[in-house]
Amino acid sequence: FGTIMAAFPRLAGICRLIDETAAIDTTVRFLTAQMAGAVGLQPLEQKDFETRKVHVSYQKDVRVLHVYLGEEAKLSESSLRSSTCRAVQLLHDVKSSAVEFVIPRLTSIDPSRAAFVVQQAAVLKNYAFNRYITANPKTLFEGLRIVSDGKAAGSSEQQTVLNATIFARDLANERADVANPDFMEEISRMIATDTGLYIHVLGKEDLEREGMNLFTAVGQGARYPPRLIALEHKGGPADQPFTMFVGKGITYDTGGLNIKPTGSMENMHLDMGGSAATLGAMMAIAKLKVPRNIVGLLAVAENAIGKDAYKPYAIIKSHKGLTVRVNNTDAEGRLVLADALSYGQKRWAPSHVVDIATLTGACIVALGENAAGLFSNNAAIEERIKAASKTVFERVWSLPILPEHTEDIKTTPHSDLQSTGAVGKGGSCTAAAFLEAFVEPTRQWAHLDIAGPGMYSKDTDHFNAGGTGFGVQLLTALARDAQ
């Protein structure tokens, strides 16, 4: 990752694939109930795994972890993923540095798919945001080999996407005193230099000149001015329409003058998870040389409190020309996204548009932390996102924008729109309806509300507590499958 390592030292030791000639210190060997009793130097039987799911033996200088998968007929991708994560926890405990995962032939899961699941779970579970730990940080392995059905099965392309996900995690988990709008621009420029992406940045004066008044209002009370960062990947023919990704990048959200209370503000350095995912995806897309034209927009601002902060019930003219009454300054993400969407469509005329944002607590109430809310104006792009989501296990769930939701944001006597709907009634749906007002009907558009899966409250399998990098794999898969 070149010069980016200076800002993120963790990336210097990021997990990499190793070949069969490289030395390892630990092998993880998966066993089903039918295979128990035929493993290495230590004969084990099914009854040995009734109380312990993992047994250890040694072959010369290599530690072997025998991980029990249970009855093969009951085996699923989910249970294989969980077993991999359990093994990675043990690898951390014994401070392994180079590891091999050996997957037997399974009748229930295709060998290539089993390898995909294990590689994904192993790499993403092998994570800790520990750059500020000064004594005894968690030991993470740096070398990884995957063997499935007796063959080398690690994918370098998948590893590129997973490493980009790790990058997005580190970017989101970095505190706002460091990861401010200036830093986001600096890192974006580093990535552009490292990968060949074309970068274009609209600063505060540029935003004002373009009439992006919703965007500038959100950042006008902050120490660091807002900016729109655009990264272009021109991998397709010159006449191929762009696919556009737009990420919410609120580097810290105090709530503005509608200030968040204690208990709700502390983790708001994570409110730029959409931009982190977009930046990570653009990095992976460039490194993989995806043969499509893709542009990623990062709508970056800090929602701060100060004498210049925008006020509740302000009426602001958007880039599109619609006027918006700001009902709540803590519903700021939709404002920066609205202007970014409008500007991006005018500038790049994309055929497909996907925005991704840690947007509403209402979506967490509806779906928990396990899935993103998916809203769309087009069945084709919605189904493509669902298919990509299933492949990479970044789950989404379709939610509606009903006519009543659209009408709710128009119910105001003094402006064209209001920024929020009725309090406590379908908040994620009215937020999506607000964004849809800034999307041209001819565009295939989807909105991903990642307020839940973008920032987990606790470790769950290969999703870590804090910023998860959710969306990197999904957006990259969508770009590679662009139609």
Side-chain angles (χ1 to χ4, degrees), residues 211-215 218 228 241-248 274 278 295 297 299 316-328 331-363 366-367 372-386 396-412 415-423 425-451 471 474-475 478:
M212 300 171 73
N213 302 311
L214 294 176
F215 200 139
V218 171
L228 180 70
F242 275 91
T243 291
M244 185 171 79
F245 300 143
V246 185
K248 171 187 170 185
T278 301
V295 59
L297 305 186
I316 303 170
K317 187 177 181 180
S318 68
H319 176 270
K320 187 175 181 178
L322 295 170
T323 57
V324 176
R325 187 183 75 188
V326 177
N327 286 352
N328 189 319
E332 81 299 325
R334 66 198 68 186
L335 302 184
V336 298
L337 287 174
D339 272 352
L341 285 165
S342 178
Y343 173 82
Q345 289 169 92
K346 180 180 178 181
R347 169 67 178 79
W348 285 277
S351 57
H352 300 76
V353 179
V354 179
D355 73 75
I356 180 169
T358 51
L359 203 65
T360 67
C363 203
L367 300 177
L374 169 61
F375 302 83
S376 183
N377 67 354
N378 181 274
I381 193 171
E382 184 175 355
E383 290 306 313
R384 285 178 50 219
I385 289 173
K386 287 180 180 179
V396 302
W397 193 263
S398 292
L399 294 172
I401 303 175
L402 300 176
E404 291 84 352
H405 299 136
T406 301
E407 186 60 31
D408 202 3
I409 63 163
K410 294 180 179 179
T411 308
T412 168
S415 59
D416 299 321
L417 301 173
Q418 57 181 343
S419 61
T420 62
V423 176
K425 296 181 179 179
S428 59
C429 299
T430 52
F434 179 83
L435 294 177
E436 188 179 27
F438 296 88
V439 177
E440 299 299 328
T442 57
R443 317 287 182 198
Q444 290 191 30
W445 164 76
H447 160 58
L448 293 168
D449 190 333
I450 63 167
L474 178 53
L475 293 180
L478 193 63

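Excluded from the calculations below are hydrogen atoms, water molecules and symmetry mates; all remaining heavy atoms, backbone and side chain alike, are included.
The side-chain heavy atoms of Val354 and His352, taken from C-beta on, include no pair separated by under 4.5 Å. Within the 4.5 Å cutoff, side-chain heavy atoms of Leu341 are placed close to those of Gln345. Residues Arg325 and Leu417 form no side-chain contact, since every pair of their non-hydrogen atoms from C-beta on lies 4.5 Å or further apart. Counting only heavy atoms from C-beta outward, the side chains of Leu337 and Leu359 approach each other to under 4.5 Å.
Put simply, the side chain of Gln418 gets close to the backbone of Thr411: a donor and an acceptor are under 3.5 Å apart. Side-chain atoms of Asn213 never come within 3.5 Å of backbone atoms of Ile316 as a donor-acceptor pair (strictly under, hydrogens ignored). The closest donor-acceptor contact from the side chain of Asp416 to the backbone of Thr323 lies under 3.5 Å. Ser419 places a side-chain N or O within donor-acceptor distance of the main-chain N or O of Asn327, the cut-off being under 3.5 Å. Without hydrogens or angle criteria, Asp339 side chain to His319 main chain gives a donor-acceptor distance under 3.5 Å. Of the possible donor and acceptor atoms, one in the side chain of Arg443 sits under 3.5 Å from a partner among the backbone N and O of Pro350. A donor-acceptor pair under 3.5 Å is formed between the side chain of Thr278 and the backbone N or O of Gly274.
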For this session: Show your reasoning for whether salt bridge (Lys or Arg N to Asp or Glu O under 4.0 Å) applies to Lys410 and Glu407.
Result: CA-CA 5 Å; Lys410 294 180 179 179; Glu407 186 60 31; 5.5 Å; no
Exercise. Side chain to side chain contact (heavy atoms under 4.5 Å, CB included) between Leu474 and Ile356: does it pass, once the steps are laid out?
Worked result: CA-CA 11 Å; Leu474 178 53; Ile356 180 169; over 6 Å; no
For this session: I would like to know whether Leu448 and Leu374 meet side chain to side chain contact (heavy atoms under 4.5 Å, CB included); could you show each step before the answer?
Result: CA-CA 5 Å; Leu448 293 168; Leu374 169 61; 3.9 Å; yes
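Listed here is the closest heavy atom pair of Asp449 and Phe375: CB-CE1, 4.5 Å. Taking each heavy atom of Thr420 and Arg334 in turn, the nearest pair found is CG2-NH1, 3.6 Å. The two residues Trp445 and Ile381 come nearest to each other via the heavy atoms O-CG2, 3.9 Å. The nearest pair of heavy atoms linking Lys248 to Gly333 is CE-CA, 3.7 Å. Nearest heavy-atom pair across Asp408 and Ala422 is OD2-N, 3.0 Å. Considering all non-hydrogen atoms of both residues, Ile409 and Gly421 come closest at CG2-N, 4.5 Å.
To the nearest 0.5 Å, the span separating NZ on Lys386 from OG on Ser376 amounts to 9.5 Å. Annotation: the span from Glu383 atom CD to Asn378 atom CG amounts to 10.0 Å, rounded to 0.5 Å. Between atom CD1 of residue Ile385 and atom CD of residue Gln444 there is a gap of 9.5 Å, rounded to the nearest 0.5 Å. Separation of atoms CH2 (Trp348) and CG (Leu297) is listed at 5.0 Å; rounding is to 0.5 Å.
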Taking only distance into account, with no hydrogens and no angle test, what donor-acceptor pairs under 3.5 Å do side-chain atoms of residues 426-442 form with protein atoms, sequence neighbours excluded?
unit_1 : atom_1 : unit_2 : atom_2 : d
Thr430 : OG1    : Gly426 : O      : 3.3
Thr430 : OG1    : Gly427 : O      : 3.2

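Residues passing the salt bridge (Lys or Arg N to Asp or Glu O under 4.0 Å) test with Arg347 are Glu232, sequence neighbours excluded.
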